[in-house]
Structure formats: structure tokens, C-alpha cells
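This one's a predicted model, so the numbers in the text were calculated from it and none came from an experiment.
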Amino acid sequence: MTSVGFVGLGIMGRPMALNLAWSGTPLVVWNRTLERCLPVEAAGARVASHVGEVFDRCETVILMLADESAIDDVLGCQTSAFDGLVRRHTIVQMGTVDPGYSRRLADRVAGAGGCYVEAPVSGSRGPAEAGELVAMLAGAPEDCTHVRAIIAPMCRAVFDCGTPPHALLTKFAVNLFMIAMVTGLAEAYHFAEGHGVDPALLDRILDASPMASTVSRAKSAKLARRDFEVQAGLADVHKNTDLITRAARSRGIASPVLDACHALYGEAVALGHPTEDMAAVIHAVRARTAAA
């Protein structure tokens, strides 16, 4: 197997890259902060000295970057170097970005003689560590087949969604449900607090209920214990709500539940909780009660 490049070793990227390395995938990694590369290097990956080395050594390069500006910077989208960097490469864009941006990037990569696959994932740090992510692919069928085989060690399931940006739009629909569910769960715990209900008891009852899921169990445990160690970052979720809201507005789609969630996550960020887990949205609910 030829080497695969992986750029971006953040909360999600590092465990994803580790699963690739542990599976035996020859891996070349790069991250702005070198220290984040060290666990992946210990697992067998080669650490590139600069991002250009990743492209020199790998025909397929996975990007798990924070936002559009980070992608622009890594690919040199605003420079003349872009075409030479992506030509004859398959770019696998796994981050959560604006769908219009992804569609334009796909066109630019194709125009430069490269291949582009949009491959966002559903799941937070826990599923990333366990290799249990759900991936959605959009791109040319042959390119998606190639990428499906590469990302298999990171994923529990992989779905084809058509052409860009339909993988991202599908992920947005999935995330809308997940965000609404976690926000409702936080509100349920706040309601229980206000009535003196034992949070540990509520956690056990919810775990036994028909509504229980992997996500509800993880977030219910956090809320019951007031443990907001990050799995899915609150600021990242707020960014997601903004992207999904804008995608809804672009088609004139009503999103009343999403709009309420977007406001609450923005309030929780403003209250000083951006780096905590998304379950910390309960702080915004509490603040509304205090202000009532």
C-alpha cells in the first residue's frame, strides 16, 4: 500500500490518524503543533517537516482541519502553488465546512488535475478513538471506492451520498438531530435540578428507557456528574449550528428547533465555556432561569 497523508491532528484528527497507523496503513502526518504528531509517530507514522512533504510522499491526502481558512492555508488556495500541490492527488476533505466552499474546492481541485472526495464524519472523540465513526462520502464513484478502503479502520459504517456537497448536507441533517437531542437532554437535567430530582437516578432511568442511545448515554452521564471534559467541543457545535442554519436559510427551510439551539450554544460560548463539551450548554439554560 502506498503512503497516505494526514493533515490536522486535533481532537478528532489525532485518534483518527492513530487508528490508521495501528491498522498498518503507511502514514505521513503533519500538524502545525509538532507535539500532537508524537503519539501518531510512536504508532508508526512518519512526521513530515512541512506540509509540502506530505504531498511529495503521498498521492492521497486526508485533511481534518478546523475551517475553511485552515484548508486555504494548507493547500495554498490563494497562491499559485495550489495547482501544483493538488495535481495527481486525491484530496479527502473530512472537516465540517460550508457546503458552498466544499463544492468550489471540488471544482478547483478537478480543474488542477486532482481528485476530490468530501468525507465528513458523524461522531465525537469517543467514537473516533474506538474507530466507530460514521463517514459520508461525496465524489466520483471510483474515487469514493478508493477512499472507502483507506478510511475503513476509522469507521463503523461508510455511506455514499452522491456529489459534493451532499455528504456535508447529509451530515448537517444528522447533526441537527444530534444537537437537538443533546440540547433537550441538558434542558431535562436542568428541569430535574429545579425540582430536586436526583440526577444519578435520572441517568439510570434514561439509560433504561426506549430513548437511550450511545449519544444520550454519554451526555447523560456527563450531565449527571457535571463532567464537561470535551468529547464534542461546545464552540465547534456552535459553529455547526451556524453552518446548518445558513444552509437552511439558503433554501428557505424553517428550522425552529435549530434556531433555539443556535442561540443557546452562542450564549454558552459567551458565558465562558467554549472548550468544554457540548453538554455544557446547560450553563446557558441555567443562565436563562437566573435571568427570568
Task: Polar side-chain atom of Gln93 near backbone of Gly95 as donor-acceptor pair, under 3.5 Å - done: yes

Open item on the list: For a quick check under 3.5 Å, do Tyr101 and Asp67 share a side-chain donor-acceptor pair by atom type?
Closed with: no

TODO: Please answer: with hydrophobic residues joined when any side-chain heavy atoms are less than 4.5 Å apart, are Val61 and Ile71 in the same cluster?
DONE: yes

TODO: Look up atom CG in Leu63 and atom CE in Met94, then write down how far apart they are to the nearest 0.5 Å.
DONE: 10.0 Å

Task: Joint hydrophobic cluster, Phe6 plus Val121, side-chain heavy atoms closer than 4.5 Å - done: yes

Task: In one Ile/Leu/Val/Met/Phe/Trp/Tyr side-chain cluster, 4.5 Å: Ile179, Val215 - done: yes

Open item on the list: Please check: side-chain N/O of Thr241 versus main-chain N/O of His238, any donor-acceptor pairing under 3.5 Å?
Closed with: yes

Open item on the list: Tell me whether Ser209 contacts the main-chain N or O of Leu206 through its side chain, where contact means a donor paired with an acceptor under 3.5 Å.
Closed with: yes

Open item on the list: Distance check, rounded to the nearest 0.5 Å: Asp236 atom CG versus Tyr265 atom OH?
Closed with: 12.0 Å

Task: Donor-acceptor contact below 3.5 Å, side chain Arg108 vs main chain Cys77 - done: yes

- [ ] Could you tell me the separation between the NE2 atom of His283 and the CG atom of Leu271, rounded to the nearest 0.5 Å?
- [x] 8.5 Å

- [ ] Assess the side chains of Thr163 and Arg103: does a donor N or O sit below 3.5 Å from an acceptor N or O?
- [x] no

Open item on the list: What's the separation between atom CD in Glu267 and atom NE2 in His262, rounded to the nearest 0.5 Å?
Closed with: 10.5 Å

TODO: Might you confirm whether atom NE2 of His166 has over 12 heavy atoms from other residues, nucleotides or ligands at distances under 6.0 Å?
DONE: no

Task: Any donor-acceptor N/O pair, Asp277 side chain to Gly233 backbone, under 3.5 Å - done: no

Open item on the list: Donor-acceptor check, side chain of Lys219 to backbone of Met278, threshold 3.5 angstrom: yes or no?
Closed with: no

- [ ] Look up atom CG in Leu65 and atom CE in Met12, then write down how far apart they are to the nearest 0.5 Å.
- [x] 13.5 Å

Open item on the list: Taking the basic N atoms (NZ, or NE/NH1/NH2) and the acidic carboxylate oxygens, is any pair closer than 4.0 Å for Glu193 and Arg226?
Closed with: yes

Task: Heavy-atom donor-acceptor pair, Asp203 side chain to Ala224 backbone, under 3.5 Å - done: no

TODO: Determine, using the 4.5 Å side-chain heavy-atom cutoff (strictly less than), whether Val28 and Val4 are members of one ILVMFWY cluster.
DONE: no

Open item on the list: I'd like to know whether the aromatic ring centres of His89 and Phe55 sit less than 6.0 Å apart in this structure.
Closed with: yes

- [ ] Answer yes when Glu276 and Lys222 have at least one side-chain N-carboxylate O distance shorter than 4.0 Å, and no when they do not.
- [x] no

Task: Rounded distance [0.5 Å steps], CD in Glu118 versus OG1 in Thr170 - done: 8.5 Å

Task: Smallest separation among heavy atoms of Ala268 and Val281, with atom names - done: CB-CA, 4.1 Å

Open item on the list: With a 4.5 Å cut-off on side-chain heavy-atom distances among I, L, V, M, F, W and Y, is there a chain of contacts connecting Leu9 to Leu133?
Closed with: yes

Task: Residues, nucleotides or ligands: over 12 heavy atoms within 6.0 Å of Glu68 CD - done: yes

- [ ] State whether a side-chain donor-acceptor pair under 3.5 Å links Thr90 with His146.
- [x] no

